[in-house]
A.B. asks: 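A single structure is presented below for examination.
Here the structure is a predicted model, which means the values were calculated and not measured. All values below come from the heavy atoms of this structure, side chains included, with hydrogens, waters and symmetry mates left out. The sequence lines fix the lettering, A, B, ..., with proteins before strands; numbering per chain opens at 1.
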Protein chains: 2
Amino acid sequence: MTTRHRGRPRSFDRDTALEKALRAFWEHGYETTSIADLTRAMGIAAPSLYAAFGDKKTLFEEVVEVYVRRYGGFIGRALAEEPTARSAVGRVLREAAVEYTEPGRPPGCLVINAAVNAAPASAEVTEALRGMREENVHALTSRIRAGVEAGELPEETDAAALARFVGAVLQGMSQQARDGAGREELEAVAATAMRAWPGEGPENTL
Amino acid sequence: MTTRHRGRPRSFDRDTALEKALRAFWEHGYETTSIADLTRAMGIAAPSLYAAFGDKKTLFEEVVEVYVRRYGGFIGRALAEEPTARSAVGRVLREAAVEYTEPGRPPGCLVINAAVNAAPASAEVTEALRGMREENVHALTSRIRAGVEAGELPEETDAAALARFVGAVLQGMSQQARDGAGREELEAVAATAMRAWPGEGPENTL
DNA sequence: GTTCTTCTGTAGCGACCGCTAAAGAATGAA
DNA sequence: TTCATTCTTTAGCGGTCGCTACAGAAGAAC
């Protein structure tokens with residue numbers, strides 16, 4: 001049952017405006033996107049923005065939630081659905097190459113790139129994104145460790161180190177996407193990275 | 001013969017002030033470092049800064065020059081001095097792990113991290129740093145290609161793709177250094193990356 | 001209708017941005 | 001000593017930042 005509303009109804013669609021804000025933040029980053037940029041992109045005036053979304057930081061937090069749900073799910077899906085650690089990590093890297101260069105979207109990953117050069121005033125946002133990156137590495141570590149325990153990987157495999165390597169490659173791929181690298185180039189980076197997989201011979205492919 | 005000087009001599013050491021500016025830009029990035037931050041760090045007032053270094057962009061360009069000469073030389077040295085492409089790239093990655101986490105310095109690489117989220121107004125600076133990253137990948141490509149021609153690497157090796165992979169790993173390492181990763185962690189990433197080297201077996205070490 | 005509530009538009013707050021005009025201070029040249 | 005030159009200091013320019021007070025507009029409740 002929808003809650004009935006007393007006063008004047010808002011004249012814009014909240015989800016549409018949020019999506020516009022998402023694109024703006026994704027394209028230009030947290031600090032670089034000003035309230036004026038946001039109101040222009042969202043098609044509303046500043047007081048409407050503040051009434052509907054709170055302040056800039058709160059809006060960004062909501063944007064990140066939507067981003068993770070809509071565009072960041074591929075990592076979790078790959079880790080959950082693939083039968084082996086190797087195929088899971090390979091798919092993460094392969095799909096990242098596609099996701100980071102999808103036409104019609106800003107290149108790269110918002111979580112990786114939106115708050116790199118943040119001022120001390122934005123420390124909370126920076127820290128939140130850093131925490132999410134760390135969570136991703138943790139998820140990779142767990143999946144790899146499970147693979148080791150399942151006997152897919154040598155027992156002496158350092159799961160955390162391998163996961164950190166994969167995280168670094170993802171960050172590098174996102175940066176290169178923002179620098180203009182195309183899908184094929186990133187797929188080549190992903191394929192090369194997979195050659196570092198334990199037990200991998202030189203003739204293996206992704 | 002030193003050029004004789006007419007008016008009042010400047011009251012600060014230009015090189016020292018430049019070094020302070022270098023540290024500030026390295027730590028906080030190009031846009032995030034304000035003129036007020038710079039004058040505080042350099043110990044001079046704004047008009048002295050503008051008289052000695054030009055505007056903010058010009059100062060940053062000079063900072064980048066000094067940075068590359070003083071802190072970025074390890075890449076060129078490794079590529080020039082090492083006997084094989086493999087040892088050269090391995091040394092680049094290994095030394096990056098040390099350079100990016102050197103105590104007493106801001107973590108990571110200024111060229112990689114100082115202008116990631118730049119506004120359109122700083123497009124020139126962003127583009128300049130991007131060009132320098134590209135040059136580094138070119139240098140890596142050339143060295144790897146020379147290794148292929150010398151018979152160190154399989155003839156079908158894609159030198160450009162391998163170089164781009166190394167560039168991505170360096171960018172990821174720099175980001176992770178800024179996220180708080182330590183030297184040992186980055187060295188593990190570097191060692192893992194080298195397992196992707198063509199012809200590498202699973203038991204190889206860096 | 002009238003009232004109550006909520007949203008919208010205008011307009012502007014104080015703080016900071018990069019940058020500079022203007023005047024005083026410190027030197028070499030004459 | 002006097003002048004010309006260059007630096008330093010103070011103060012503030014126009015512009016943008018994130019954010020909000022305030023008044024009017026647009027609905028639901030009565």
A.B. asks: Between OG1 of A:Thr33 and CD of A:Glu31, what distance do you get to the nearest 0.5 Å?
C.D. replies: 10.0 Å
A.B. asks: In Å and rounded to the nearest 0.5 Å, what is the CG to CG distance from A:Leu79 to A:Asn136?
C.D. replies: 8.5 Å
A.B. asks: Using a 4.0 Å heavy-atom cut-off to protein, can you give one letter per nucleotide of nucleotides 3-10 of chain D, 5' to 3': B if the base is in contact, S if only the sugar-phosphate is, - if neither?
C.D. replies: -SBBBSBB
A.B. asks: Kindly indicate, with the supporting measurements, whether the criterion side-chain hydrogen bond (donor to acceptor under 3.5 Å, both in side chains) is fulfilled by A:Asn117 and B:Thr32.
C.D. replies: CA-CA 7 Å; A:Asn117 282 328; B:Thr32 307; 5.6 Å; no
A.B. asks: Taking 4.0 Å as the cut-off, does a side-chain nitrogen or oxygen of A:Tyr50 come that near to OP1 or OP2 on D:dT20?
C.D. replies: no
A.B. asks: Is the shortest side-chain heavy-atom distance between A:Arg145 and A:Leu162 below 4.5 Å?
C.D. replies: no
A.B. asks: Using a cut-off of strictly less than 4.0 Å between a heavy atom of the residue and any atom of DNA chain D, enumerate the qualifying residues of residues 52-66 of chain A by number.
C.D. replies: A:Asp55, A:Lys56
A.B. asks: Go through it in stages, so that I can follow the logic: the residues are B:Glu152 and B:Thr84, the test is side-chain hydrogen bond (donor to acceptor under 3.5 Å, both in side chains), and I'd like the CA-CA distance, side-chain angles, deciding distance and then a yes or no.
C.D. replies: CA-CA 7 Å; B:Glu152 306 165 10; B:Thr84 68; 4.5 Å; no
A.B. asks: Kindly state which residues belonging to residues 24-43 of chain B come within less than 4.0 angstrom of DNA chain C, counting heavy atoms of the residue only, listed by number.
C.D. replies: B:Thr33, B:Ser34, B:Ile35, B:Ala36
A.B. asks: State whether B:Tyr30 and B:Lys56 meet the cation-pi test: NZ (Lys) or CZ (Arg) under 6.0 Å from the six-membered ring centroid, and within 45° of the perpendicular axis.
C.D. replies: yes
A.B. asks: Measure from NZ or CZ of A:Arg77 to the centre of the six-membered ring of A:Phe74, then state whether that distance is under 6.0 Å and the direction lies within 45° of the axis.
C.D. replies: no
A.B. asks: If you count every heavy atom of other residues, nucleotides or ligands that lies below 6.0 Å from B:Glu102 atom CD, does the total exceed 12?
C.D. replies: yes
A.B. asks: Look at the aromatic rings of A:Phe165 and B:Phe165 and report parallel, tilted or perpendicular, splitting at 30° and 60°.
C.D. replies: perpendicular
A.B. asks: Roughly how far apart are A:Tyr67 OH and A:Met132 CE, rounded to 0.5 Å?
C.D. replies: 9.0 Å
